[in-house]
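The shown structure was predicted, so the numbers you read here are calculated from the model rather than taken from an experiment.
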Amino acid sequence: MRRATITAVLAAGLLLTACTGSDSDKTAKPSASPKATAAPTAEESATSDAGAAEDALKEAEEDFEKSLDDLENALGETLGVQEGTYEVTNSQPQYDDPSLALDDEYITPGTYTSKGPADQELDCYWARMRNASGQSESSIANDLAAGRAIVKLTEGEFFKTSGCKPWTRSGD
């Protein structure tokens with residue numbers, strides 16, 4: 001609705017501008033030469049100007065939509081489970097000194113999804129492990145994902161991720 005209103009206002013303005021020519025334009029005689037090209041009429045000129053204005057409006061709307069998408073994507077990239085190693089647990093331990101507690105040491109069990117690699121040049125790495133040692137014998141499953149990745153974590157496991165866009169928990 002808004003686009004139609006803006007387009008109509010622009011077209012009307014351009015049409016009015018094109019119609020305010022001098023009286024000599026109305027009495028001009030056509031050229032006798034058959035090879036001569038006729039100048040565009042005021043109506044043709046207004047139509048051309050209206051088309052150009054509509055194209056400019058369409059391009060501005062596309063740029064605006066792209067900017068909104070870029071902003072949404074940028075904001076979404078900072079929310080979720082970031083790079084690191086996490087213990088999968090439903091209950092966080094009690095610390096004697098609360099300043100020692102790190103929010104990103106623990107995550108709840110469930111299914112997590114990443115949109116893929118944070119850098120297009122590298123793959124997204126994730127691993128489910130029996131402990132946080134990082135030794136290959138502690139690995140339950142791991143993968144290098146070039147695209148979207150999904151992993152289901154259960155209580156008592158450890159989860160390690162690097163090079164991935166943030167992981168978000170599904171509603172399970």
Does any part of the side chain of [Y], heavy atoms only, come nearer than 4.5 Å to the side chain of [X], both counted from C-beta?
{"X": "Ser170", "Y": "Thr113", "answer": "yes"}
{"X": "Thr89", "Y": "Glu155", "answer": "yes"}
{"X": "Val81", "Y": "Tyr86", "answer": "yes"}

Can you measure from [atom1] ([X]) to [atom2] ([Y]) and round to the nearest 0.5 angstrom?
{"X": "Asn142", "Y": "Leu144", "atom1": "CG", "atom2": "CG", "answer": "7.5 Å"}
{"X": "Asp119", "Y": "Lys165", "atom1": "CG", "atom2": "NZ", "answer": "10.5 Å"}
{"X": "Phe158", "Y": "Thr85", "atom1": "CZ", "atom2": "OG1", "answer": "9.0 Å"}
{"X": "Thr111", "Y": "Leu153", "atom1": "OG1", "atom2": "CG", "answer": "8.0 Å"}
{"X": "Ile150", "Y": "Asp143", "atom1": "CD1", "atom2": "CG", "answer": "11.5 Å"}

Query raised in the report: Would you say the side-chain atoms of Glu87 pair up with the backbone N or O of Glu105, donor to acceptor, closer than 3.5 Å?
Result: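 The answer is no, because no donor-acceptor pair under 3.5 Å joins these two groups.
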Query raised in the report: Is it true that a side-chain atom of Thr108 and a backbone atom of Asn90 form a donor plus acceptor pair closer than 3.5 Å?
Result: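 Side chain of Thr108 to backbone of Asn90, a donor-acceptor pair under 3.5 Å: no, none is there.
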**Report entry** Smallest separation among heavy atoms of Ala145 and Pro117, with atom names
**Finding:**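 Shortest heavy-atom contact: O-CG, 3.6 Å.
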Which donor-acceptor pairs under 3.5 Å do side chains of residues 120-130 form with protein atoms, sequence neighbours excluded?
from, atom 1, to, atom 2, distance (Å)
Arg128, NE, Lys152, O, 3.3
Arg128, NE, Glu157, OE1, 3.0
Arg128, NE, Glu157, OE2, 3.3
Arg128, NH2, Glu157, OE2, 2.5
Arg130, NH1, Glu137, O, 3.3
Arg130, NH1, Ser139, O, 3.0

Report task. Not counting sequence neighbours, which residues clear ring-ring contact (aromatic ring centres under 6.0 Å, His included) with Phe159? List them please. Result ->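 Phe159 satisfies ring-ring contact (aromatic ring centres under 6.0 Å, His included) with Trp167 once adjacent residues are dropped.
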